[in-house]
Amino acid sequence: MNEYPFTQIEVVIKNFLLVIFSSVYLNQVYAESDKTNVYLIPGQGSDYRIFDSLHLPNQYSLIHVQHGIPEEGMTMSEYARVLFKQVDTSSKYILIGVSLGGMLAVEMNEFHKPEKTIIISSAKCRAELPDRYLLQEYLPIYQLVSEDMCKKGALFLQPIVEPDRKNQKKTFISMLEDKDPLFFKRTITMILEWQRINYSDEIIHIHGDEDRTIPARNVDYDYLIEGGSHMMTLTKGSEIGSLIVEILDKK
C-alpha cells in the first residue's frame, strides 16, 4: 500500500530535479552564446604569452590570434586580411593588438567593424612611428640584413631599448627565440614600408610614458600608463586589464 505514494513522490522529485538541471544547463548555454570574443594580437617579438597577465571578466572569451610567416612583399593590410580569417564575425568581437599587433588591428578595423578596437604600445599610422623607422625609406639598410641577423639584432637590442624586460626576462627572451628569423625579416619590411596615413577615430590607444620603441611623444594616445614600457601588457597586465574593463564598460 505504501509503494504507490512513494513512487509518485519519487517521480515528482525526479521531475523537479530535471527542471532545475535543465534550467542551469540552458542558462549556461545562453551565457556562453552571449559572450563577446576578444581577439588578442601579439607583436613582432612576442606571442600569446605577452597577454599572460591580462585578465578580463567572464563575459569575454579571450582568443589568441596566431601569427604565420607572411609571404614575401606582403603589405600590412594584406597580412591583416590573412590573420583576420581567424576572427568569427558572426559573433560580437573586440580586437586588442600590441605593437605590430596593434598596427594589424588598425588595418582590420578598416575592412570590418568590431565592437571596439584597442591598441597597446603601438602606432595607428606611419606618422606615429619613430624617426629612425621613417629614415629607412630613404636609407633602406634593412634590405641588406639577413634573416638571422634581424633576429640576433632583436635579441641584442631588447635589453637596451626596453630595460623593463628584467621583470619578465625569461619570458621575453623565450618569445624572441621562438620566432622564425624569416618572420622577423618580413615583418620588419612590412612595418618600415607601412603607408597608412588615416585611421578611425574610434580606435582606442593605450601607451606607456616610458616606451622606448615607439616613444609616447610620437603618438596621439587616449590613455597614458605611468611607468609603462613597450612591454607593459605583460609587466603591468593587472593595471592595463582594469583599464580595458573600464573602456569596455563604456557604451
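Computed from a predicted structure; not experimentally measured. Residue numbers count from 1 along this sequence.
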Sequence neighbours left out, what pairs pass salt bridge (charged side-chain N to carboxylate O under 4.0 Å, His left out) with at least one residue falling in residues 40-62? Asp47-Arg49, Arg49-Asp178
Test item: Ser99 side-chain N/O and Gly101 main-chain N/O as donor-acceptor pair under 3.5 Å: no
Does anything in residues 215-226 pair up under salt bridge (charged side-chain N to carboxylate O under 4.0 Å, His left out), and if so which pairs, sequence neighbours excluded? none
Can you list the residues that meet the side-chain contact (heavy atoms from CB on, under 4.5 Å) rule with Asp201, with sequence neighbours excluded? none
Would you say Gln195's side chain and Glu193's backbone share a donor-acceptor pair under 3.5 angstrom? yes
Whether Tyr221 side chain and Ile204 backbone form a donor-acceptor pair below 3.5 Å: no
Using modelled atom types and a 3.5 Å cut-off, is there a donor and acceptor pairing between side-chain atoms of Thr187 and backbone atoms of Phe184? yes
Just list the side-chain donor-acceptor pairs under 3.5 Å for residues 103-113, sequence neighbours left out, or say none.
{"residue": "Glu107", "atom": "OE1", "partner": "Arg196", "partner atom": "NH2", "Å": "3.2"}
{"residue": "Glu107", "atom": "OE2", "partner": "Trp194", "partner atom": "NE1", "Å": "2.8"}
{"residue": "Glu107", "atom": "OE2", "partner": "Arg196", "partner atom": "NE", "Å": "2.8"}
{"residue": "Asn109", "atom": "OD1", "partner": "Thr117", "partner atom": "OG1", "Å": "2.8"}
{"residue": "His112", "atom": "ND1", "partner": "Tyr93", "partner atom": "OH", "Å": "2.8"}
{"residue": "Lys113", "atom": "NZ", "partner": "Asn109", "partner atom": "O", "Å": "2.8"}

Residues forming a side-chain hydrogen bond (donor to acceptor under 3.5 Å, both in side chains) with Ser238, sequence neighbours excluded: none
Which residues satisfy the side-chain hydrogen bond (donor to acceptor under 3.5 Å, both in side chains) test with Tyr223, sequence neighbours excluded? Lys250
Partner set under side-chain contact (heavy atoms from CB on, under 4.5 Å) for Glu72, not counting sequence neighbours: Arg186
The side-chain hydrogen bond (donor to acceptor under 3.5 Å, both in side chains) partners of Thr75 (sequence neighbours excluded) come to Glu78
So how far is it from Gln59 CD to Lys92 NZ, rounded to the nearest 0.5 Å? 9.5 Å
How long is the gap from CD1 on Ile247 to CD1 on Ile118, to the nearest 0.5 Å? 5.0 Å
With sequence neighbours left out, what residues match Ser46 under side-chain contact (heavy atoms from CB on, under 4.5 Å)? Pro42, Ile50, Met175
Those residues at least two apart in sequence (or on a different chain) that pass side-chain contact (heavy atoms from CB on, under 4.5 Å) with Val245 are Leu56, Pro57, Asp249
Considering residues at least two apart in sequence or located in another chain, which fulfil the side-chain hydrogen bond (donor to acceptor under 3.5 Å, both in side chains) criterion with Tyr60? none
